[in-house]
Amino acid sequence: MPPADVAAEVTSNDRLSGDYNVVSLAAPGIAAAAAPGQFVMIKTATGHDPLLRRPFSVFEVRRDATGAATGLSLLNKRIGISTQLLYDVRPGQRVACLGPLGRPFVPVDPPAEAWMVAGGVGLAPFATLAESLQARGVRTVLFYGARRAAELFYLDFFRARGVELLLTTEDGSAGERGRVVDPLDRALAARRRDAPVMLYACGPERMLAATANLAARHGQACQVSVERTMGCGLGGCYGCVVPMRDEHGRVHQVRSCLAGPVLDAAHIVWD
């Protein structure tokens, strides 16, 4: 099914903090077709500043009482013009929404476990993934790191879906003080290599590289959702390329909007 381009109505804008918010859009067709890890291209402005759309992971799929998809939500952190505009949207406003786009996560089935690793706004693709894994009966853990306790969001959402939470903050105000990959390293070291676990990671590039290295060291598979600047989301602009190695060790560039955003961490050139 090709992606749809709709003028989606903003149904709510929930401010989580002074920088983070969750925007809900009435886009039932896109929401119904979206798989965990896919994204949409959003343009809030009606003029030419900014000119291009910006990619956002599908955060939640909104449903009515019958379970039918009614829309989707986006987890946003304001860091520039586009994200500021999305932070300021009001219910009733319409934004251009193109999707769903990209390659999604590949879910596992029991007895494999799923360990999600999120840094900051990298939490975004894991709400839908957690629901998918819950439906499959997969034991799921979320390693979630942020700068401070006030930037750890949706904890009750994940707990309600049976997800075990391991939290870290840079200032030590919640969970363990330090990097999110530290408890991940210990957990992997304590696990037998013949006990399969799939790592799913999204967040800053250094965190993704560290997670990929840990997965390789401990003999476990890892899927990462990469964050790249995208001008179109359809493969036309080549602005989102990622260097990867093929089965012969040769390096080539892939467009993360088409081959990703979810990629096999073992094949990415992180250097």
Side-chain angles (χ1 to χ4, degrees), residues 1-5 23 25 27 30-31 33-43 52-61 72-77 79-80 82-83 86 97-108 114-133 142-144 180 198-212 215 221-246 251-270:
M1 175 178 165
D5 192 1
V23 175
L25 303 176
I30 296 175
Q38 288 191 297
F39 67 97
V40 291
M41 295 293 290
I42 296 294
K43 190 176 191 315
L52 302 176
R53 304 188 192 213
R54 190 179 188 282
F56 289 87
S57 293
V58 174
F59 184 40
E60 301 162 280
V61 172
L72 57 88
S73 73
L74 311 172
L75 175 62
N76 176 57
K77 179 183 180 181
I79 55 176
S82 294
T83 50
L86 192 60
C97 179
L98 172 68
L101 300 166
R103 176 179 173 270
F105 289 116
V106 178
V108 293
W115 294 4
M116 305 182 297
V117 187
V121 77
L123 181 71
F126 293 135
T128 53
L129 180 60
E131 291 181 328
S132 175
L133 293 167
L142 172 63
F143 296 81
Y144 182 17
V180 71
M198 176 64 77
L199 300 184
Y200 300 94
C202 185
E205 189 91 350
R206 290 179 63 186
M207 187 208 82
L208 296 184
T211 302
C222 180
Q223 301 175 41
V224 297
S225 177
V226 297
E227 298 181 3
R228 287 291 187 275
T229 300
M230 294 182 186
C232 66
L234 298 169
C237 69
Y238 284 78
C240 62
V241 295
V242 175
M244 299 190 73
R245 294 188 189 277
D246 63 21
V251 177
H252 64 293
Q253 304 287 338
V254 303
R255 289 167 287 179
S256 60
C257 63
L258 297 180
V262 177
L263 299 168
D264 184 340
H267 295 297
I268 296 177
V269 179
W270 296 104

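The analysis underlying the following values was restricted to heavy atoms, covering all of them including side chains, and did not include hydrogens, waters or symmetry mates. Worth saying up front: this structure is predicted, and the values here are computed from it rather than measured.
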>> Test of understanding: with ring pair (Phe, Tyr, Trp, His ring centres under 6.0 Å), list the residues that count as partners of F143, not counting sequence neighbours.
In response: W115
Spacing of [X] atom [atom1] and [Y] atom [atom2] [to the nearest 0.5 Å]:
X: N76; Y: F59; atom1: CG; atom2: CZ; result: 11.5 Å
X: L101; Y: Q38; atom1: CG; atom2: CD; result: 7.5 Å
X: L123; Y: S57; atom1: CG; atom2: OG; result: 10.0 Å
X: R54; Y: M41; atom1: CZ; atom2: CE; result: 9.5 Å

Which heavy atom of [X] sits nearest a heavy atom of [Y], and at what distance?
X: G120; Y: Y144; result: O-CE1, 3.9 Å
X: Q253; Y: P243; result: OE1-N, 3.4 Å
X: L133; Y: P107; result: CD2-CB, 4.3 Å
X: F105; Y: F126; result: CZ-CE2, 3.8 Å
X: V61; Y: A31; result: CG2-O, 3.8 Å
X: C222; Y: D264; result: O-OD1, 3.7 Å

If only atom types and distance count, is the side chain of [X] paired as donor or acceptor with the main-chain N or O of [Y] below 3.5 Å?
X: S256; Y: C240; value: yes
X: W270; Y: A265; value: yes
X: H267; Y: D246; value: no
X: T211; Y: M207; value: yes
X: S225; Y: G37; value: no
X: Q223; Y: V106; value: yes

>> Could you walk me through whether I42 and V23 satisfy the side chain to side chain contact (heavy atoms under 4.5 Å, CB included) test, starting with their C-alpha distance in whole Å, then the side-chain angles of each, then the deciding distance to 0.1 Å, before giving a yes or no?
In response: CA-CA 12 Å; I42 296 294; V23 175; over 6 Å; no
> side chain to side chain contact (heavy atoms under 4.5 Å, CB included) between L98 and L234: does it pass, once the steps are laid out?
Replying inline: CA-CA 10 Å; L98 172 68; L234 298 169; 4.2 Å; yes
Within a strict 4.5 Å, meaning less than it, do heavy atoms of the [X] and [Y] side chains meet?
X: R228; Y: P261; answer: no
X: C257; Y: F39; answer: yes
X: L25; Y: V40; answer: no

>> If we check side chain to side chain contact (heavy atoms under 4.5 Å, CB included) with F56, which of these qualifies: L86, L75, V121?
In response: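 Single side chain to side chain contact (heavy atoms under 4.5 Å, CB included) partner of F56 among L86, L75, V121: L86.
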>> Go through it in stages, so that I can follow the logic: the residues are K77 and T83, the test is side chain to side chain contact (heavy atoms under 4.5 Å, CB included), and I'd like the CA-CA distance, side-chain angles, deciding distance and then a yes or no.
In response: CA-CA 6 Å; K77 179 183 180 181; T83 50; over 6 Å; no
>> Going by the rule side-chain hydrogen bond (donor to acceptor under 3.5 Å, both in side chains), which residues pair with D5 if we only count those two or more places apart in sequence or in a different chain?
In response: R53
>> Go through it in stages, so that I can follow the logic: the residues are R255 and M230, the test is side chain to side chain contact (heavy atoms under 4.5 Å, CB included), and I'd like the CA-CA distance, side-chain angles, deciding distance and then a yes or no.
In response: CA-CA 10 Å; R255 289 167 287 179; M230 294 182 186; over 6 Å; no
